[in-house]
Number of protein chains: 2
Amino acid sequence: MSRKGLLLVGHGSKLSYNKELIEKTAAHIAEKHPEYLVRPGFMSMNTPTVEDTLNLFKDDDIEMLVVVPLFLAKGVHILKDIPALLGLPEGGTRGTFAHNGGEIPLVYAGPIGPDPLLADLMVKNAEEAINADA
Amino acid sequence: MSRKGLLLVGHGSKLSYNKELIEKTAAHIAEKHPEYLVRPGFMSMNTPTVEDTLNLFKDDDIEMLVVVPLFLAKGVHILKDIPALLGLPEGGTRGTFAHNGGEIPLVYAGPIGPDPLLADLMVKNAEEAINADA
């Protein structure tokens, strides 16, 4: 079965927490969604870089590549830097990915943004903190 | 009925997207969870500041204040700056909030962090982008 590639893009950080967040989230996605081949990639300070990971996907058996930024909201990385790495114009969300001698569709998803699931996650974090042993 | 105060802390940004994210998420929480009185507050570049919002909560009819940072992961704001504003030692998650002439419990929740709900949100964003009209 041919799968979709999912490149989970992280900001990167000198501290370990952003990398851990991206890697664990990639593992959570892979576990629940075998239809995606999930690989992380970082904009700065951590490896693999986004470019490293794009190179890895070139030889994978995938029918499409979807790039999902694990960022809270739009900013320079989302609007300019990531599209540049993907060969997309500013504001573009669809292109092609040179793959294994041919081309497959490339789709660029949005950042987290306002979503009821995010509100649920904030309430979950609140309640975990309230109910933790003091 | 006495409610809990929920201070949703945002990073703030010169662009409008972070403020919009925090305000819409606060509205989502308020809509689904009337047991919380939800107010946003920003670390920098936007208003109200965290300090402004703490002042507002002083007169509210609340039995507890929970402070929830809408940040992806731990960093200097989470580990040092927000605790300093709350009168907590580094690493502390429980304190008191001077309120209406008395004191109520204050609880400091963690940032988003790795969570299966976050993985679900990333897959939702991927699928919305894949299924959007080209």
Side-chain angles (χ1 to χ4, degrees), chain A residues 4 6 8 10-11 13 15-33 36 38 64 66-76 78-79 93-94 105 107-130 132 134, chain B residues 4 6 8 10-11 13-33 36 64 66-76 78-79 93-94 105 107-130 132 134:
Chain A
K4 293 180 175 75
L6 192 158
L8 190 67
H11 187 282
S13 170
L15 300 175
S16 62
Y17 306 108
N18 184 269
K19 187 168 202 233
E20 184 191 341
L21 175 73
I22 306 302
E23 289 175 344
K24 288 200 176 165
T25 303
H28 282 142
I29 297 171
E31 199 177 307
K32 240 173 117 170
H33 295 277
Y36 289 107
V38 188
M64 170 186 281
V66 55
V67 179
V68 184
L70 206 172
F71 284 65
L72 286 177
K74 287 178 191 167
V76 175
I78 296 294
L79 295 170
T93 60
R94 288 178 181 251
V107 173
Y108 178 40
I112 293 180
D115 191 292
L117 275 181
L118 179 61
D120 291 345
L121 188 46
M122 295 292 97
V123 171
K124 181 179 174 184
N125 284 356
E127 287 173 359
E128 279 179 5
I130 291 169
Chain B
K4 293 181 176 72
L6 192 159
L8 190 68
H11 187 282
S13 170
K14 279 178 290 184
L15 300 175
S16 63
Y17 305 108
N18 183 270
K19 186 167 202 233
E20 184 192 339
L21 174 73
I22 306 302
E23 288 175 344
K24 288 201 175 164
T25 304
H28 282 141
I29 297 171
E31 199 177 307
K32 240 172 117 170
H33 295 278
Y36 290 108
M64 170 187 281
V66 56
V67 179
V68 184
L70 206 173
F71 285 63
L72 286 177
K74 287 177 192 167
V76 174
I78 297 294
L79 296 170
T93 60
R94 286 177 182 253
V107 174
Y108 179 38
I112 293 180
D115 191 291
L117 275 181
L118 179 61
D120 292 345
L121 189 45
M122 293 294 97
V123 170
K124 181 178 175 185
N125 285 355
E127 288 174 357
E128 278 180 5
I130 291 169

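Proteins come first, then strands; the chains are lettered A, B, ... in the order of their sequence lines, and each starts at number 1.
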Where does B/Phe71 contact chain A at under 4.5 Å (heavy atoms): side chain, backbone, both or neither? backbone
Looking only at heavy atoms and a cut-off of under 4.5 Å, which of B/Lys24, B/Glu128, B/Lys74, B/Met64 has the most pairs with chain A? B/Lys74
Does any heavy atom of chain B fall under 4.5 Å from the side chain of A/Leu6, the backbone, both, or neither of them? side chain
Between A/Tyr36 and chain B, which part of the residue has a heavy atom less than 4.5 Å away: side chain, backbone, both or neither? side chain
CE on B/Met122 to CD1 on A/Ile22, rounded to 0.5 Å: 8.5 Å
Per-residue contact mode, B/Lys124 against chain A (heavy atom under 4.5 angstrom): side chain
Is the shortest heavy-atom distance from the side chain of A/Leu118 to the side chain of B/His28 under 4.5 Å? no
Nearest-0.5 Å distance that lies between atom CG in A/Asn125 and atom CD1 in B/Ile112: 7.5 Å
I'd like to know which of B/Val67, B/Thr93, B/Ile29 tops the heavy-atom pair count under 4.5 Å against chain A. B/Ile29
Among the options A/Leu15, A/Val66, A/Leu21, A/Val76, pick out the one with the most heavy-atom pairs lying under 4.5 Å from chain B. A/Leu21
How long is the gap from CG on A/Asp115 to CG on B/Asp120, to the nearest 0.5 Å? 10.5 Å
Under 4.5 Å heavy-atom distance to chain A, tell me which part of B/Ser13 shows up: side chain, backbone, both or neither. neither
Nearest 0.5 Å, what's the CD-NE2 distance between A/Glu127 and B/His33? 7.0 Å
Which heavy atom of B/Ile130 sits nearest a heavy atom of A/Arg94, and at what distance? O-NH2, 2.9 Å
For a side chain to side chain contact (heavy atoms under 4.5 Å, CB included) check, start with the C-alpha distance between B/Lys32 and A/Val123, then their side-chain angles and the critical distance, and finish with the verdict. CA-CA 10 Å; B/Lys32 240 172 117 170; A/Val123 171; over 6 Å; no
Counting only heavy atoms closer than 4.5 Å, note whether B/Ile78 contacts chain A via side chain, backbone, both or neither. neither
Where B/Ala129 and A/Tyr108 come nearest, the two heavy atoms and their spacing: CB-O, 4.2 Å
Side chain, backbone, both or neither of B/Pro69 within contact of chain A (heavy atoms, under 4.5 Å): backbone
Chain B: which of A/Leu72, A/Asn18, A/Leu8, A/Val38 shares the most heavy-atom pairs with it under 4.5 Å? A/Leu72
Between OG1 on residue B/Thr25 and CG on residue A/Leu117, distance to nearest 0.5 Å: 11.0 Å
